[in-house]
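Below is one structure, written out as C-alpha cells, with a few remarks after it.
Heads up: numbering here begins at 1 and tracks the sequence.
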Amino acid sequence: MAEDTGEKNFFLIGNNLSLDFINTEYVENGEPQDALNSYADLLAWAVAVNLREAQQRTILLRESGGSNAADEIFSRALKFRSELRTMVEELEMGNKPTPRMLLAINQVLSLQKGYTELVPTEDGFRKRFRTNFRDLEGLLSPIAEAAADLLCYGNPVYLKKCENPDCVLHFYDTSKNHKRRWCSMNACGNRAKAAAFYQRRRNKSNHQK
C-alpha cells in the first residue's frame, strides 16, 4: 500500500470541528474538490485538526491501511459528512434538524470509547474527549461531539455560509459583532474587495465619459 503524503487543502476556518469536517469539500477555480479521497486523507485531516499525531497516522496506515475496517470507516466518514452538511444547510435556512440527522449523530456517539480529560487554554481549561488512537471509530466521535455542541450550545443565527456564491465553506461566526461574511479574508474576502474596487473604478470611468 502506497502512503499518500501529498499536500491537502484543509480549510480549518469553521470554529467548530464538524464544520471543518464538512469543509473538506470545497471549490477551487470553479470546480468542486474533495480533500478526502482515501483513508490516508482522512488520517491526514485528523492530524491537521489534532485528533491524531503524525506518528499515530503512520502507525494506523501501516496497521490498517487497505483493510476492510479502514475502507468501512472511510465510507462511513463520507456518509456522515453528507448528513452533517445537510443538517448545517437546514439550520442556516432556519429549519430544525430532522430525526434522521439526529440519529446519524447519535449513532456515532453511541460507539465512542475513551475518556474526557482537562486541557489548559489561554483563558483557563476546557474538556477534550480522548479516544484510543487505534480505535478507527474514534476518528468520528469528536466530530459528532462537535456537531452535538453546535446544536446544544450554538446559536443557529451565527452559523453561516461564505457569502461568495461560488464558495461552499461554512463557519460559526464568533466575531465580536457577528458580522463575518467570508470564509477567509485571505481568500474570498480579498477577491470580493478586489471585485468591488474594480467595479467602482469602472463605474467612475463610465460616469466621466
Between Glu117 and Lys127, does at least one N-O distance fall below 4.0 Å, as a salt bridge requires? no
Problem - side chain to side chain contact (heavy atoms under 4.5 Å, CB included) evaluation trace for Met87 with Ile105 - result: CA-CA 10 Å; Met87 181 191 79; Ile105 294 173; 3.7 Å; yes
TODO: Over 60° means perpendicular and under 30° means parallel, so classify the ring planes of Phe21 and Phe80, tilted if in between.
DONE: tilted
Pair Lys96 + Glu90, salt bridge at N-O below 4.0 Å
no
Side chain proximity check, Thr131 to Lys113, heavy atoms < 4.5 angstrom = no
Arg134 side chain reached by Ile59 side chain, heavy atoms, under 4.5 Å:
yes
Inspect the contact between Asp173 and Arg180 and indicate whether a charged nitrogen and a carboxylate oxygen are less than 4.0 angstrom apart.
no
task = Compute whether any side-chain donor of one residue and acceptor of the other, for Thr24 and Arg81, lie under 3.5 angstrom apart.
result = yes
query = If we only count heavy atoms from C-beta on, is the Glu92 to Val88 side-chain gap below 4.5 Å?
reply = yes
> Hey, are the side chains of Leu84 and Ile143 touching, using non-hydrogen atoms and a 4.5 Å cut-off?
Replying inline: yes
| task | State, yes or no, whether a side-chain contact exists between Asn23 and Ile13 at a heavy-atom distance under 4.5 Å. | result | yes
Would one find more than 12 heavy atoms of other residues, nucleotides or ligands at under 6.0 Å from atom CD of Gln33? yes
### Message
Can you see whether Ser18 engages Asn16 through a side-chain donor-acceptor pair at a distance of less than 3.5 angstrom?
### Response
yes
Is the count of non-hydrogen atoms from other residues, nucleotides or ligands lying under 6.0 Å from Gln55 atom CD greater than 12? no
Between Leu159 and Phe171, is any pair of side-chain heavy atoms under 4.5 Å apart? no
- Message: Check this for me: does any side-chain nitrogen of one of Glu83 and Arg100 sit under 4.0 Å from a carboxylate oxygen of the other?
- Response: yes
Is the CG atom of Asn68 crowded by more than 12 outside heavy atoms at less than 6.0 Å? no
I'd like to know if the side chain of Ser64 pairs up with that of Tyr39 as donor and acceptor (distance under 3.5 Å, no hydrogens or angles considered).
yes
**Item:** Verdict with reasoning, Phe133 to Leu60, per side chain to side chain contact (heavy atoms under 4.5 Å, CB included)
**Value:** CA-CA 8 Å; Phe133 85 88; Leu60 285 172; 4.1 Å; yes
